[in-house]
Amino acid sequence: MAINVVDAITGSLTVTDNLSGSIAQVLALSQSYAGSVSAYEPNFSVSTGGSAVTFPIAALQFVYVKNLSLTATIAVAWTKNGGGSVAVITLDPGAFIMFCENSTANGITAMTLTSSAGTIAAQLVLAG
């Protein structure tokens, strides 16, 4: 399913003191990236043998991966343009990672997701 992803991310992150309830910090989130091609996968199938993600463009500048499983983890590995594959993070059930790069020279060129147990689902937004 194709979607339109604007070429910028905006929003805010509010850090609240859990004892007093007062807001300790508000961080403005703003990042632009070069790109106009995107893909949305609401239920990408992730297996224990590793599932390669097909990109809508050669190098991604925006990646969002959310683990939809209630019990299994997802290991995320990707390759930055000009580099080798690296283990990025293991997402616990319900966790997500978001990456935004503002240069096409430094995008992600490959990504593999691996489940810790059986075949599970991940939600993906990919843009570049």
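Positions are given from 1 along the sequence.
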- [ ] State whether the side chain of Asn67 and the backbone N or O of Ala72 hold a donor-acceptor pair below 3.5 Å, judged by distance alone.
- [x]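 Checked: pair present.
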Task: Thr79 backbone acceptor or donor facing Thr109 side chain under 3.5 Å - done: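 Checked: pair present.
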Task: Full working for side chain to side chain contact (heavy atoms under 4.5 Å, CB included) between Ile108 and Asn81 - done: CA-CA 6 Å; Ile108 295 171; Asn81 193 14; over 6 Å; no
Qualifying salt bridge (charged side-chain N to carboxylate O under 4.0 Å, His left out) pairs, either residue in [range], two or more places apart:
range            : result
residues 113-128 : none
residues 106-128 : none
residues 44-71   : none
residues 119-128 : none

Name the atoms and distances for all side-chain donor-acceptor pairs under 3.5 Å in residues 116-128, with sequence neighbours left out.
{"unit_1": "Ser116", "atom_1": "OG", "unit_2": "Thr73", "atom_2": "N", "d": "2.8"}
{"unit_1": "Ser116", "atom_1": "OG", "unit_2": "Thr73", "atom_2": "OG1", "d": "3.2"}
{"unit_1": "Gln123", "atom_1": "NE2", "unit_2": "Tyr40", "atom_2": "OH", "d": "3.0"}

- [ ] Please list all pairs passing the ring-ring contact (aromatic ring centres under 6.0 Å, His included) test where one or both residues lie in residues 67-86, with sequence neighbours left out.
- [x]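 Sorted result for residues 67-86: Trp78-Phe99.
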Task: Straight-line distance of Thr54 OG1 to Met111 CE, nearest 0.5 Å - done: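 So the OG1 of Thr54 and the CE of Met111 are separated by 10.0 Å.
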- [ ] Check Phe44 against Ala52 and note the closest heavy-atom contact, atom names and distance.
- [x]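 That closest heavy-atom pairing would be CZ-O, 3.6 Å.
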Task: Closest heavy-atom pair and its distance - Ala110, Phe55 - done: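 That would be N-CE1, 3.4 Å.
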Open item on the list: Taking the side chain as everything from C-beta on, heavy atoms only, tell me whether Thr114 gets closer than 4.5 Å to Ile74.
Closed with: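 Heavy-atom side-chain distance check fails, nothing below 4.5 Å.
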Open item on the list: If the condition is side-chain contact (heavy atoms from CB on, under 4.5 Å), which residues does Ser20 pass it with, not counting sequence neighbours?
Closed with: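 Residues passing side-chain contact (heavy atoms from CB on, under 4.5 Å) with Ser20: Asp17, Ser22.
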Show me the side-chain donor-acceptor pairs of residues 83-98 shorter than 3.5 Å, one per line, residues at least two apart or across chains.
none

